[in-house]
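One structure is given here, and the rest of the page talks about it.
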Number of protein chains: 2
Amino acid sequence: MIDPDDMSRLAQYSHRLAVMAGKTFIQEGEPANDFFIVTSGHVKIFALMPDGRRQITGFAQSGDFLGLASGATYGFSAEALGPLALCRFSRTGLNILKREFPDIEHRLMEEASRELVQAQKRMLLLGRKTARERLASFLLEQHHRSPTREIVINLPMSRTGIADYLGLTIETVSRTLNALQREKLIAITQVTQITLLNLPALETLARGG
Amino acid sequence: MIDPDDMSRLAQYSHRLAVMAGKTFIQEGEPANDFFIVTSGHVKIFALMPDGRRQITGFAQSGDFLGLASGATYGFSAEALGPLALCRFSRTGLNILKREFPDIEHRLMEEASRELVQAQKRMLLLGRKTARERLASFLLEQHHRSPTREIVINLPMSRTGIADYLGLTIETVSRTLNALQREKLIAITQVTQITLLNLPALETLARGG
DNA sequence: CGTTCGTTTGAGCCCCCTCAACTGATGTGG
DNA sequence: CCACATCAGTTGAGGGGGCTCAAACGAACG
């Protein structure tokens with residue numbers, strides 16, 4: 001995570017880059033020559049299998065780094081969720097960055113740490129939780145992400161997005177959400193808007209008992 | 001990853017700690033006051049659900065950091081797989097470490113990056129792969145980890161361990177391994193020793209087509 | 001009004017889980 | 001040396017949760 005103040009100073013060491021909504025600007029398997037810092041917009045990070053199975057591994061937003069965790073080739077793909085602005089750095093340019101921002105390594109470390117904690121929680125979710133538990137966890141995650149802690153959630157993605165994020169199919173996502181509604185745990189006010197009616201129940205469900 | 005040379009120098013800034021095999025020395029949810037560096041032995045990192053469902057999220061060995069990625073409380077548990085030696089640091093002691101090892105942040109970053117790549121691959125595995133694909137991926141992972149690239153693999157864990165690592169049950173692990181043997185992709189020479197008979201087929205299976 | 005695309009709903013099936021019994025290796029005491 | 005207990009692994013039978021395939025629905029848009 002980079003301060004907004006620093007972002008303008010960053011510009012002189014990088015190429016600024018605008019990406020259209022929906023464009024996949026990092027392709028898994030391609031040579032990882034560059035890395036990026038998101039300056040505005042949201043990014044979907046995912047992995048694909050040859051037959052089209054998709055797993056979303058996370059999201060990135062303004063201030064986040066992208067592509068540093070790669071080896072010789074990118075280990076994931078990244079797609080702009082909306083209009084996107086990026087700073088692109090050559091891999092070797094990282095040293096310049098380090099000179100100019102002495103604490104950059106510290107910040108990188110903090111971001112990586114946070115992501116690693118997230119990743120562990122998601123491995124538990126993907127490996128061991130039922131569909132109901134996954135959806136409950138997902139809804140609470142959205143809830144906690146919200147600045148106002150409002151119990152009305154505006155889903156940031158389609159059913160396909162949720163399914164690929166939770167390791168389910170769109171049908172199961174739809175059915176499970178409706179089941180949770182029947183049980184009065186949530187109310188689906190619009191397709192992309194859900195009200196949490198019973199937070200305690202959702203929390204016990206999310207943690208699995 | 002810390003150089004063996006440096007490990008002795010580390011000692012004066014930390015408390016040395018010996019842990020018995022099988023002991024859980026980090027408990028999820030407890031206050032994360034300390035962090036650790038493994039100096040010898042192997043560690044299993046996992047998360048638990050109230051009803052006992054377990055997901056192993058990774059392993060750590062000599063030179064690896066442990067517990068840095070936590071917030072106020074540990075987000076995971078850690079168990080010694082065999083006799084284990086650790087250096088324990090107070091959370092605040094990290095600053096001393098940084099002074100003494102100026103490039104420690106860089107090393108930490110590299111380790112975190114590698115783990116993050118691993119984590120993404122495992123999310124794809126846990127979210128989208130079938131049992132056959134998971135086992136094939138697992139066997140190839142063991143194969144690549146081996147220094148000699150020998151096609152004979154000595155499994156480093158029991159069926160329970162494999163199951164908790166791959167998000168399956170022990171029965172499915174057993175059945176699937178035997179199915180792979182019937183199809184001549186592997187040979188189960190002993191319970192904990194497997195020979196890879198058809199690497200190309202295992203690789204296409206692991207990547208899912 | 002018709003098309004398109006995302007979502008919902010239904011029916012059926014399959015993969016994996018659950019529960020249970022069996023096998024085999026290891027160890028222990030008589 | 002053998003009877004017995006224990007525990008990891010295997011094998012079998014059955015059930016269920018989530019997937020697949022298909023059709024209906026509904027909102028956005030020309």
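Lettering of chains follows the sequences in order, A, B, ..., and the numbering in each one begins at 1.
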About how many Å separate [atom2] of [Y] and [atom1] of [X], when rounded to the nearest 0.5 Å?
{"X": "A/R128", "Y": "B/I56", "atom1": "CZ", "atom2": "CD1", "value": "9.0 Å"}
{"X": "A/L177", "Y": "A/I186", "atom1": "CG", "atom2": "CD1", "value": "5.0 Å"}
{"X": "B/I45", "Y": "B/E79", "atom1": "CD1", "atom2": "CD", "value": "11.5 Å"}

| task | Answer yes or no for A/R122 and A/Y165: cation-pi contact, defined as NZ/CZ to six-membered ring centre under 6.0 Å and angle to ring axis within 45°. | result | yes

| field | Six-ring centre of A/F25, A/K23 cation under 6.0 angstrom, axis tolerance 45° | value | no

Whole angstrom is fine here: how far is it from [atom1] in [X] over to [atom2] in [N]?
{"X": "B/R134", "N": "C/dC16", "atom1": "CZ", "atom2": "C1'", "answer": "10 Å"}
{"X": "A/I188", "N": "C/dT8", "atom1": "CD1", "atom2": "P", "answer": "6 Å"}
{"X": "A/Q190", "N": "C/dT7", "atom1": "CD", "atom2": "P", "answer": "13 Å"}
{"X": "B/L135", "N": "C/dC15", "atom1": "CG", "atom2": "P", "answer": "15 Å"}
{"X": "A/E171", "N": "C/dA11", "atom1": "CD", "atom2": "P", "answer": "15 Å"}
{"X": "B/R175", "N": "C/dC14", "atom1": "CZ", "atom2": "P", "answer": "17 Å"}

| said: Both B/I170 and A/L168 contact DNA chain D. Which one's nearest nucleotide lies toward the 5' end? | reply: B/I170

| In terms of the nearest nucleotide of DNA chain D, which residue is placed more toward the 5' end: A/A131 or B/N178? | B/N178

| Considering all heavy atoms of both residues, which atom of A/S90 and which atom of A/D34 are nearest to each other, and what is their separation? | CA-OD1, 3.7 Å

| field | For the student: nearest non-hydrogen atoms of A/M123 and B/A119, plus distance | value | CE-CB, 3.6 Å

| Checking all strands, does A/T176 fall into the base, sugar-phosphate, or nothing category for heavy-atom contacts under 4.0 angstrom? | nothing

| message | Please classify the nucleic acid contact of B/G161 as base, sugar-phosphate, or nothing, using heavy-atom distances under 4.0 Å. | response | nothing

| Distance-only side-chain donor-acceptor flag, B/T189 / B/Q193, under 3.5 Å | yes

| Closest nucleotide among C/dT7, C/dT18, C/dT8 to the A/S158 side chain | C/dT7

| note | Note: for A/R159 and A/R128 on DNA chain C, the residue whose nearest nucleotide lies more 5' is A/R159

| field | chain B footprint on DNA chain D, 5' to 3' - any atom under 4.0 Å from a heavy atom | value | D/dG9 to D/dA13

| request: Can you pull out how bent the helix from C/dC1-D/dG30 to C/dG30-D/dC1 is, comparing the axes over its first five and last five pairs, to 10°? | output: 20°

| said: For C/dT18, does the base pair up with any side-chain atom of B/R53 as donor and acceptor (N or O, under 3.5 Å, distance only)? | reply: no

| said: Salt bridge check, A/R207 against A/E203: does any charged N sit closer than 4.0 Å to a carboxylate O? | reply: no

| query | With respect to the phosphate group of C/dC16, does any side-chain polar atom (N or O) of B/T172 fall under 4.0 Å of OP1 or OP2? | reply | no

